[in-house]
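Worth knowing before you read on, the calculation uses all heavy atoms, side chains too, and leaves out hydrogens, waters and symmetry mates. All residue numbers refer to positions in the sequence shown, counting from 1.
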Amino acid sequence: MTEHALSGQETYDPNRLLDTLLEKMNLKNDAALSRMLEVAPPVISKIRHRRLPIGASLLIRMHETTGMSIRELRDLMGDRRTKYRLSDAQGKPKPAEVAPAGGGQPTHFH
């Protein structure tokens with residue numbers, strides 16, 4: 001299995017973030033952390049082994065659960081990026097859909 005792009009950064013260490021969360025929330029292990037964050041236990045394991053990046057939704061959940069800022073959470077995992085790259089598909093408006101002839105909704109007469 002290949003590592004994600006962020007794992008190539010020398011400063012990236014998701015374990016530091018996860019360990020800090022365990023300590024801050026007085027949790028015993030990763031299973032308790034996964035329950036607190038409402039994710040499946042394998043998600044935490046994959047993050048620890050750098051097979052899965054910490055995505056935006058999980059980062060937001062960590063923020064909501066702990067009250068720590070997103071910046072603080074990102075600093076703990078060593079993510080020093082100031083900008084994120086978006087794919088070409090993100091941020092572009094969707095193509096306009098063509099409305100069916102006759103105004104769209106079928107008319108029913110009784």
Side-chain angles (χ1 to χ4, degrees):
M1 195 176 273
T2 62
E3 291 186 348
H4 52 89
L6 186 57
S7 69
Q9 287 188 8
E10 289 180 26
T11 60
Y12 180 69
D13 183 10
N15 292 322
R16 195 167 84 209
L17 171 59
L18 296 176
D19 292 340
T20 300
L21 293 180
L22 285 171
E23 185 178 320
K24 182 173 176 64
M25 305 306 288
N26 295 316
L27 301 171
K28 292 183 178 183
N29 53 37
D30 286 352
L33 181 61
S34 70
R35 286 190 295 275
M36 181 194 76
L37 296 174
E38 298 177 7
V39 297
V43 170
I44 302 297
S45 176
K46 287 178 182 176
I47 290 170
R48 280 215 184 266
H49 293 95
R50 298 181 183 209
R51 292 192 308 260
L52 182 70
I54 297 174
S57 60
L58 184 56
L59 199 58
I60 290 169
R61 188 176 309 274
M62 289 173 176
H63 159 69
E64 292 172 343
T65 305
T66 65
M68 298 170 72
S69 71
I70 299 291
R71 176 79 262 164
E72 187 178 4
L73 293 167
R74 287 179 58 217
D75 284 346
L76 280 169
M77 71 174 154
D79 183 359
R80 303 284 190 257
R81 297 175 298 172
T82 57
K83 293 185 178 182
Y84 295 98
R85 294 183 187 205
L86 299 176
S87 73
D88 289 340
Q90 290 176 309
K92 289 187 179 179
K94 292 182 180 179
E97 293 184 23
V98 178
Q105 297 295 322
T107 309
H108 297 282
F109 295 100
H110 296 285

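Once rounded to the nearest 0.5 Å, the distance linking CZ of Arg61 with OG1 of Thr66 reads 12.5 Å. Once rounded to the nearest 0.5 Å, the distance linking CG of Leu21 with OG1 of Thr65 reads 8.5 Å. Note that NE2 of His49 is 12.0 Å distant from CD1 of Ile47, once rounded to the nearest 0.5 Å. Distance CE/Met36 to CG/Leu27: 5.5 Å, rounded to 0.5 Å. Distance check, rounded to the nearest 0.5 Å: CD1 of Ile54 to CG of Leu73 gives 8.5 Å. Interatomic distance, CZ of Arg50 versus CG of Asp13, reported as 5.5 Å (0.5 Å rounding).
Proximity of a side-chain donor or acceptor of Arg74 to a complementary backbone N or O of Leu59 within less than 3.5 Å is not detected. Without hydrogens or angle criteria, Ser34 side chain to Ala31 main chain gives a donor-acceptor distance under 3.5 Å. Of the possible polar contacts, none joining the Asp30 side chain to the Leu33 backbone as a donor-acceptor pair under 3.5 Å is found.
The shortest side-chain heavy-atom distance between Leu37 and Val43 does not fall under the 4.5 Å cut-off. For the pair Met62 and Leu58, the minimum side-chain heavy-atom distance is below 4.5 Å.
Minimum heavy-atom separation, Ser45 to Arg51: OG-NH2, 4.4 Å. Pairing each heavy atom of Leu22 with each of Asn29, the nearest pair is CD2-O, 3.2 Å. The two residues Met68 and His63 make their nearest non-hydrogen contact at O-ND1, 2.6 Å.
Classification of Asp75 and Arg16 as a salt-bridged pair fails, no side-chain N sitting under 4.0 Å from a carboxylate O.
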